[in-house]
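Here's the structure, in structure tokens; my notes come after.
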Amino acid sequence: MSSQLPNCITTPGWWQLMNWIADPIEFQKKYSRKYGDIFTIQLSGIGSSVIIAHPNAIQELFSQDSKFDIGRANELAEPLIGKNSLMMMDGSRHRRERKLLMPAFHGEKIQVYAQQIIDITENIAGKWQVGDSFIVRSTMQKVSLEIILQVVFGLSQGKRYEQLKPLLTDWLDMTDSPLRSSMLFLKFLQKDWGNWTPWGKMRHRQRQVYDLLQAEIEERRINLETTDNTGNDVLSLMMAVRDEDGQAMTDAELTDELLTILFAGHETTATTLSWAFYQIYQNPDVLEKLQLELKGLGENPNPLEIAKLPYLSAVCQETLRMYPVLPVLFPRIALSPIKIGGIEFDAETTFMPSVYLVHYREDLYPNPQQFQPQRFLERQYSSCEYFPFGGGSRRCLGYTLAQLEMKLVIATVISKYQLASLDEQPVKIQRRGFTLAPTGGVNMVMKGKR
Ligand code: HEM
């Protein structure tokens, strides 16, 4: 006998889908108030999913992740990043691909990227004039795109770089509002009827991006064969790596992984940085503490010393707590019947761990609506109480790079510039594609240099 899903929301599936697209945070808050930590949503055309907001149940999901398909559940992202993306893989294929990609994002490689991050930030912020107002999210998007292009793609100049930069920005901006994001969820909008339909335009830009990346890979390969010149960027490392059977990554894997990294790593970091600046400049005491801590390192500090600063780390952690970039983690589909949170579920049940609901639990984070970096200095949170980068074997591939980027960009900006907030009303969270971002993008003015 098949078991019933718990606490099913009773409104029609199409209505739930519309609300999920329009405001996934309000949606989750409303039903967690009604049903508690475990409830079932039903999204038309997508199916039923059980939202999980209890740390113990989340621990059960993370610790048994070989019992779930996660790549298969990410099918909504396939049109954007391709079927050879890490995000779409499961089982041994996923393990192999992660093993191949991991070294480029961890260990000593990260140290090479640190100085590049600072230089890129100085270059972009250095163009600000006193009195200039700007949208922080757009500026941070420039910073994080440049970081991906240089650090990951190994491109900092030349024709291909000049072509890719605006193309990537336009491509990602196509889902910059809840309405424009709906084409990712509504399959009937995913029709390629040429350049005048949103989906057609999206696919056209994507093809251009693919062609440019393919050309870059081919040119690199020739360079590698003729000059033995391996670069320090992620793409070069991906091209050089071999699995246990001596196999290299295929071109299809390389292009899809580059798009995955761009897609997963660019908007997420830009958005988190905008929230960090928003909160830092709304809370003068936080800014003061950060500046004091940085001053303690003296002139021209080593980037890796900056990355270790406790208060700066706590500010980044609190930002990621309050503003998780994804409304829920990747869905997890059970491969066989399983007990989660004391409830028996059938095989093929889909679970979505809610980062947002857990990060706003009063029992873990008193006054959750308040920005209090101090809480991370006073208490250690476990991996199922705090998980902005997800968990288990699917934990974000770029979490070390993302945290380094956040810390170095914040430190560079606040130690050199005086900024002030221009937002008079509290900035709200709104959907942007699959992610959540600040409405209006956070507005600031440059008041002077320090
Ligand atoms: C503040 C920035 C970022 C946040 C908050 C973030 C968050 C996440 C989350 C929540 C997941 C899903 C994990 C799960 O379901 O358990 C994820 C997966 C992933 N992230 Fe990030 N991410 C960030 C930056 C980056 C960066 C910079 C990169 C790459 C350079 C990246 C690459 C990936 C990839 C490839 C995956 C898929 C992993 C897999 O399926 O095995 N992310 N990220």
Side-chain angles (χ1 to χ4, degrees), residues 52 58-59 61-63 65 68-74 77-78 80-82 84-91 93-102 104-106 109-110 113 117 140-141 143-145 147-153 233-235 237-238 253 256-276 316-317 319-333 350-356 358-359 383-384 386-410 434-437:
I52 304 281
I58 283 170
Q59 178 58 35
L61 290 174
F62 286 169
S63 62
D65 53 15
F68 300 92
D69 266 354
I70 303 175
R72 172 158 67 101
N74 273 338
E78 192 191 309
L80 290 178
I81 53 179
N84 296 297
S85 154
L86 176 73
M87 261 191 210
M88 311 305 303
M89 295 177 186
D90 278 307
R93 190 160 179 234
H94 177 256
R95 274 195 299 280
R96 168 192 180 263
E97 193 82 353
R98 261 191 94 101
K99 226 169 157 183
L100 291 177
L101 292 173
M102 209 51 145
F105 289 97
H106 295 274
K109 288 295 161 204
I110 286 290
Y113 310 148
I117 295 174
M140 288 306 128
Q141 188 149 333
V143 171
S144 76
L145 179 61
I147 292 173
I148 297 260
L149 281 171
Q150 285 194 31
V151 170
V152 179
F153 295 15
D233 54 274
V234 173
L235 173 58
L237 298 168
M238 277 159 58
E253 278 176 331
D256 284 0
E257 294 307 9
L258 284 178
L259 281 188
T260 303
I261 292 165
L262 168 82
F263 174 76
H266 162 53
E267 298 244 309
T268 44
T269 321
T271 293
T272 314
L273 273 165
S274 344
W275 285 121
C316 295
Q317 283 172 300
T319 306
L320 285 158
R321 176 192 71 80
M322 277 187 83
Y323 305 107
V325 184
L326 297 182
V328 286
L329 294 187
F330 293 167
R332 273 104 167 128
I333 305 177
T350 302
F351 299 91
M352 298 211 248
S354 173
V355 199
Y356 185 88
V358 174
H359 283 190
S383 58
C384 54
Y386 178 72
F387 47 95
F389 294 105
S393 64
R394 304 307 287 219
R395 187 175 184 198
C396 173
L397 182 78
Y399 73 93
T400 315
L401 179 63
Q403 282 167 303
L404 182 74
E405 191 174 329
M406 283 179 73
K407 290 174 191 172
L408 296 181
V409 173
I410 294 172
F434 292 117
T435 66
L436 301 169

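Atoms considered below: every heavy atom in the structure, side chains included; atoms not considered: hydrogens, waters and symmetry mates. One-based numbering, in listed order, for ligands and for the atoms of each. Nothing fancy with the numbering, it's 1 onward along the sequence.
With rounding to the nearest 0.5 angstrom, the OG1 atom of Thr268 is 12.0 Å from the CG atom of Leu436. Remark: Ile58 CD1 to Phe387 CZ distance equals 3.5 Å, nearest 0.5 Å.
No N or O atom of Leu401 sits closer than 3.5 Å to an N or O atom of ligand 1. The shortest N or O to N or O distance between His94 and ligand 1 is below 3.5 Å. The N/O atoms of Thr260, backbone and side chain alike, include none that comes under 3.5 Å of an N/O atom in ligand 1.
Remark: among candidates Ile261, Val151, Leu86, the nearest residue to atom 29 (C) of ligand 1 is Ile261, based on non-hydrogen atoms. The option with the heavy atom closest to atom 23 (C) of ligand 1, from among Asn74, Thr268, Leu61, Val234, is Thr268.
Distance alone, capped at 3.5 Å, places no donor-acceptor pair between the Arg321 side chain and the Pro388 backbone. Panel note: side chain Asn74, backbone Phe330; no donor-acceptor pair is recorded below 3.5 Å. The backbone N or O of Val328 lies less than 3.5 Å from no partner atom in the side chain of Ser354, so there is not a single donor-acceptor pair. In this structure, Asp69 contributes its side chain and Ile333 its backbone to no donor-acceptor pair below 3.5 Å.
Contacts of Pro388 with ligand 1, taken as heavy-atom pairs under 4.0 Å, involve the backbone alone.
Remark: ligand 1 atoms within the under-4.0 Å shell around heavy atoms of Gly265 are 25 (C), 26 (C), 27 (C), 28 (C). For ligand 1, the atoms lying closer than 4.0 Å to a non-hydrogen atom of Met87 are 37 (C), 40 (O). Ligand 1 places these atoms under 4.0 Å from at least one heavy atom of Val325: 5 (C). Remark: ligand 1 atoms within the under-4.0 Å shell around heavy atoms of Gly391 are 16 (O). Of all atoms in ligand 1, numbered sequentially from 1 with element shown, those under 4.0 Å from a heavy atom of Gly390 are 10 (C), 13 (C), 14 (C), 16 (O). Numbered from 1 in the order shown, with element, the atoms of ligand 1 that lie under 4.0 Å from a heavy atom of Arg332 read 14 (C), 15 (O), 16 (O). Close approach of ligand 1 to Arg98 is summarised as follows: ligand atoms under 4.0 Å from at least one heavy atom of the residue are 38 (C), 39 (C), 41 (O). Less than 4.0 angstrom separates some heavy atom of Leu326 from each of these atoms of ligand 1: 9 (C), 10 (C).
No side-chain heavy atom of Arg95 sits under 4.5 Å from any side-chain heavy atom of Ser393. Between Leu86 and His94, some side-chain heavy-atom pair lies under the 4.5 Å cut-off. Two residues are said to be in side-chain contact when any heavy atoms from C-beta on lie closer than 4.5 Å; Val152 and Ile147 fail this criterion. A 4.5 Å side-chain heavy-atom check between Tyr356 and Pro324 finds at least one atom pair inside the cut-off. Side-chain contact between Thr269 and Val143 is absent, with no heavy-atom pair separated by less than 4.5 Å. When side chains are defined from C-beta on, Met89 does not count as touching Arg96, because their heavy atoms never get closer than 4.5 Å. Looking at heavy atoms from C-beta onward, Asp233 lies out of side-chain contact with Val151 at the 4.5 angstrom threshold.
The protein non-hydrogen atom at the shortest distance from atom 21 (Fe) of ligand 1 is Cys396 SG, 2.3 Å. Ranking protein heavy atoms by distance to atom 1 (C) of ligand 1, first place goes to Thr272 OG1, 3.3 Å. In terms of protein heavy-atom proximity, atom 4 (C) of ligand 1 is nearest to Phe389 CE2, 3.4 Å. At the top of the distance list for atom 33 (C) of ligand 1, counting protein heavy atoms only, stands Ala264 CB, 3.6 Å. At the top of the distance list for atom 13 (C) of ligand 1, counting protein heavy atoms only, stands Arg394 O, 3.3 Å. Given atom 35 (C) of ligand 1, the protein heavy atom at minimum distance is Leu397 CB, 3.7 Å.
At least one heavy atom of Phe105 sits less than 4.0 Å from an atom of ligand 1.
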